[in-house]
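Taking it in order: structure first as structure tokens, then the write-up.
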Amino acid sequence: MKSAKTFFTVLFFISAQLSYSQTVENLKVEYQARPLGVETQSPRLSWQIKSPKRGTTQTFYQILVSDDEKTLAKNIGNVWDSKKIKSDQSLWIEYKGKPLESRKRYFWKVKIWNELAKMSAFSEVSYWEMGLLNKDDWSARWIGMKGTEGKPPKSVELDKTFNLGKRAVRARIYVSGLGAYHLIFNGKKVGNDFLTPGWTHYLKTVHYQTYEIDPENLTIGSNFITATLGSGWWSSGLGWGGGNHRYSEGPCRLLFQMEMEFYDGSRQTVASDASWQVRTSPITSNSIYHGETYDSRLEYNKLWKKADVLDDLENTTSLFGTEAAANIREESEKFSTANIALKSSPSTQIEVIQEIKAISITEPRKGRYVFDFGQNLVGYAHLAVEGKAGKEITMKFAELLTDKGLADQANLRSIRPTDKFILKGYGVEQWEPKFTYHGFRYVEVDGLPSKPDKNTLVAKVIHNNVPFTGEFTCSNELLNKIYKNITWGQRSNMHSVPTDCPQRDERLGWMGDAQIFAPTASYIMDVNGFFAKWMKDITDSQHSSGYVYDVNPKMVVGGPSKPAWGDALVIVPWRMYQFYGDKRILEENYEAMKKWVNYLNNHPNTKQNGIYHFQSGEGEKAWYGYGDWVPVENSPTKPIGGSYQYFSNQIMAQTARILEKSQDAAEFEKTAQQVKLKYNELYFDKAGSQYEGKTQGANLIPLSLGLTQDADKAAVAANIAENVKNHQKHLTTGFLSTAMLLPVLSESGNNELAYEVVNQKTYPGWGYMIEKGATTMWELWNSDTEKPEGMNSRNHFAYGSVGEWFYGYLAGIRPDDSGAGFRKFKIAPMPVGDLTSASASYLSPYGQIRSSWTKTGDKFTLKISVPANTSATVEIPNTANGNLKETGKVLLAKGKQPKILLPGIKVVKADAKVVTLQVLSGDYEFVTE
Ligand code: BGC
């Protein structure tokens with residue numbers, strides 16, 4: 001008896017200890033940990049709870065916010081004390097304190113109470129800082145150098161020296177540039193960002209960045225600022241045919257404001273104005289597409305002149321080409337710095353993320369060296385070289401090699417990306433470009449004064465610096481390689497906007513590619529802020545009739561946008577809501593989303609037969625949009641308008657429900673149902689259970705988007721499987737339906753077939769690309785045999801959409817809409833084929849989710865982690881004998897539950913195939929034998 005009592009006392013003691021050991025960590029404001037330049041009056045605060053105890057949930061929280069760290073240390077929130085709030089919400093809590101002031105830093109911390117009413121300690125202190133909220137916070141003027149206009153304009157350098165008489169204790173730089181700026185303060189680059197301020201719809205919105213400057217770097221006496229300006233996306237010239245589309249022809253401009261505070265409380269501001277000096281820079285040409293030329297000899301000896309103030313200078317734009325008519329057809333806008341909204345950039349910028357040394361250097365022609373970096377990557381090359389003044393070194397970038405082993409730029413179409421560096425002749429000279437980037441594996445270098453080694457040229461990989469959140473690995477090396485290529489596809493196409501490709505005369509924010517890849521992207525990286533920023537790029541140029549453009553920021557391709565491309569306006573915010581629980585992205589874009597869907601619903605083409613189709617041209621020349629772009633087998637394009645109209649109406653109905661707009665919800669739901677009926681009437685062959693075209697894509701798109709009536713689903717899925725088998729277990733899908741194929745097969749009882757498709761090494765398929773040496777995703781299934789000159793990128797992320805299946809089916813981690821942002825989720829791994837293990841981790845907004853399984857003989861082990869304040873539905877493949885153990889204890893014996901229940905687990909049902917559990921937070925190890 002005594003021993004039993006001791007046992008319970010000890011148990012109670014342990015559990016009491018554990019309940020106290022929960023901590024609150026990873027505080028976030030909006031999309032980042034400690035953002036500077038926040039502009040909203042109601043920033044949203046989020047945190048994660050860590051606890052070793054199963055079933056930890058939050059029942060209350062208290063947030064303290066103070067404008068002074070010392071006050072906060074005394075547990076006083078002088079700008080906001082939320083008090084103890086009864087709520088289980090630990091993401092996206094809106095700040096509701098005193099009005100927030102420009103420039104101010106706000107410190108905050110939070111504590112929570114768990115399900116046993118036990119309180120945690122306060123989290124560590126975090127902070128956010130406000131940006132410049134009002135127009136009159138800016139005293140800076142846009143400055144530059146008149147006469148440097150052009151196609152593209154010339155790069156210039158701006159310079160300012162100022163004196164300080166006392167010790168500074170705080171310094172900030174608020175800065176923007178058009179097209180792009182590179183900033184040096186007292187000899188040091190400011191920030192690690194590249195190609196700032198980033199690409200936006202410049203005619204309406206231009207971003208600025210905020211940098212905190214360590215007061216140690218300020219000197220009593222002279223201080224120096226040097227800014228170099230280049231064209232960036234603003235005036236480089238973009239679009240096929242060499243790039244004739246630009247927001248402006250310059251001149252390039254700088255907007256700079258440095259604010260300092262001194263030990264005695266006094267302040268000083270240094271702002272761009274006519275007192276600055278300007279001259280043309282040693283960068284004699286720069287362009288996003290073509291590359292950069294730098295003549296070091298021009299670093300000195302060039303005369304400065306007084307900078308010009310360029311505040312109201314207007315520019316005509318050529319967003320849709322050089323012909324004025326093409327621009328007028330769309331709602332034309334003029335560029336003027338007076339008309340733009342200056343906004344703090346909400347997401348992180350492009351940075352150097354990795355350095356890669358060559359795996360080999362060859363010399364296919366005398367004096368011409370080819371560096372092979374072993375990976376198709378995006379960034380630039382850093383050069384270190386010593387030689388005579390005037391010596392010119394040329395670097396040509398390419399994804400491929402010619403038969404002779406030289407850089408092959410044929411598939412870059414009209415451009416020949418090349419960087420040039422001209423030596424000044426003093427010691428070892430280090431150089432890298434400031435205003436261009438390249439997609440390449442190979443660099444051909446000409447003009448080197450001596451034989452190079454692997455330090456002569458080092459590749460720097462650049463992309464938006466957002467945290468990586470996902471990892472995947474399994475026992476099949478081919479699948480691991482495919483996964484790796486997916487991640488490289490993503491890293492290669494996150495350059496301020498989600499681009500189609502990073503290398504040729506395109507690199508545009510194509511909507512269809514982005515919406516189809518968004519779920520995979522969301523597993524691999526924390527893309528919430530990145531896509532939220534892009535939504536603004538899209539809505540900034542929405543046409544008054546409701547349509548949007550295929551490419552955003554809008555340029556090159558005129559409107560209206562095509563089915564599945566324009567629908568990204570609705571789909572992307574929805575994906576962000578599913579993955580991150582970000583409701584504001586729905587709120588902020590709601591009106592724009594609604595306008596687009598109403599445009600579809602009320603289009604004259606829709607009036608013809610009740611469903612939307614896109615059409616340009618008549619009769620033989622009729623064209624219905626991009627369709628299931630670049631598939632192996634073409635599917636009819638016309639129906640895709642209706643299938644995405646249905647999907648977008650469905651998303652609108654759900655969004656309206658979430659935002660409590662019940663009337664809208666009912667209307668969108670009704671339209672969706674009408675479209676569904678009509679669609680099946682028009683395009684579905686009931687007898688054969690196939691959609692018009694009968695291809696994989698033709699059946700997958702309506703089935704996957706939800707248009708197929710319940711009674712027909714199994715038969716349509718069976719036809720898809722049949723079609724796959726008839727193609728010797730290969731896919732024939734395009735951009736849209738590729739994302740759908742494996743999930744549909746896995747869910748319709750054809751998981752083995754799904755695995756056989758992904759495991760193919762023969763054409764067409766992901767494995768085929770790898771067999772042919774691909775280190776990222778190709779644009780075409782047959783990139784190797786297709787002619788190079790047309791559309792043939794070796795680095796498109798679209799076919800990487802299969803990543804969703806790796807995470808969601810092989811490892812089984814899937815969002816659950818009833819608890820957005822992985823508040824609730826599924827872990828439903830699907831072991832298959834000869835796989836003996838698969839493992840994925842996903843850093844969800846609530847914390848780390850893990851699903852890791854192994855299979856040895858009849859033994860199946862599944863280890864999972866469910867973060868605190870979340871719960872998961874877990875599906876475990878059942879065995880014939882129905883035995884299931886969890887961390888060594890019996891959970892099911894012959895399908896029956898013993899009397900003693902295991903903490904955190906509820907058995908929902910067990911049938912011959914799967915055991916379904918509801919699982920609270922914690923780590924678990926399930927074994928079936
Ligand atoms: C791009 C694609 C894009 C497509 C539109 C291509 O040129 O590279 O990725 O979605 O055009 O059909």
Side-chain angles (χ1 to χ4, degrees), residues 238-245 288-289 320-321 376 378 399 410-415 439 485-486 488-490 492-495 497-518 520-521 534 537-538 547-569 571-572 614-617 623-632 634-638 640-641 644 697 701 733-739 769 776-783 786-802:
L238 302 172
W240 36 86
N244 296 314
H245 308 247
I288 295 269
Y289 286 174
F320 302 103
N376 195 351
V378 175
E399 294 184 299
N411 73 324
L412 309 182
R413 301 197 299 215
S414 67
I415 61 167
N485 287 7
I486 297 169
W488 275 102
Q490 176 163 358
S492 302
N493 286 296
M494 285 182 63
H495 293 93
V497 308
T499 56
D500 57 335
C501 59
Q503 71 298 68
R504 68 172 178 227
D505 53 356
E506 197 149 356
R507 316 185 195 187
L508 301 171
W510 280 98
M511 302 266 277
D513 311 36
Q515 63 92 350
I516 211 73
F517 189 66
T520 297
W534 190 52
D537 299 338
I538 301 170
Y547 73 67
V548 286
Y549 293 82
D550 292 321
V551 157
N552 284 288
K554 147 180 129 175
M555 97 167 335
V556 182
V557 186
S561 128
K562 319 302 169 296
W565 268 248
D567 297 283
L569 168 59
I571 299 168
V572 170
F614 173 87
Q615 185 169 347
S616 81
W623 183 68
Y624 302 103
Y626 309 121
D628 191 14
W629 190 240
V630 291
V632 178
N634 281 319
S635 306
T637 304
K638 193 174 173 186
I640 292 177
Y644 272 87
I701 294 171
T733 48
F735 266 30
L736 304 175
S737 61
T738 293
M769 297 181 192
T776 181
M777 279 294 147
W778 289 350
E779 177 175 23
L780 307 173
W781 295 118
N782 63 341
S783 276
E786 188 53 56
K787 64 179 185 323
E789 296 81 12
M791 239 191 32
N792 202 345
S793 136
R794 299 306 202 282
N795 204 352
H796 253 61
F797 60 38
Y799 285 143
S801 59
V802 66

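We count ligands from 1, going down the list as the structure has it; atoms in each ligand are counted the same way.
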Legend entry - side chain to side chain donor-acceptor pair (under 3.5 Å), paired with Gln503, selected from Glu399, His796, Arg413: Glu399
Legend entry - First-shell residues of ligand 1 [heavy atom, distance under 4.0 Å]: Asp500, Arg504, Glu506, Trp510, Asp513, Trp565, Tyr626, Trp629, Phe735, Glu779, Met791, His796
Legend entry - Residues that Trp240 engages under ring-ring contact (aromatic ring centres under 6.0 Å, His included), provided they are two or more places apart: none
Legend entry - Test side-chain contact (heavy atoms from CB on, under 4.5 Å) applied to Ala564 - qualifying residues, sequence neighbours left out: Gln515, Tyr644, Leu736
Inset, instruction - Answer with yes or no after comparing the ring centroid distance for Tyr799 and Phe735 against a 6.0 Å cut-off, counting only values under it. - result: yes
Legend entry - Proximity of Trp510 and Tyr626 rings by center, below 6.0 Å: yes
Legend entry - ring-ring contact (aromatic ring centres under 6.0 Å, His included) partners of Tyr549, counting only residues at least two apart: Phe320, Tyr547
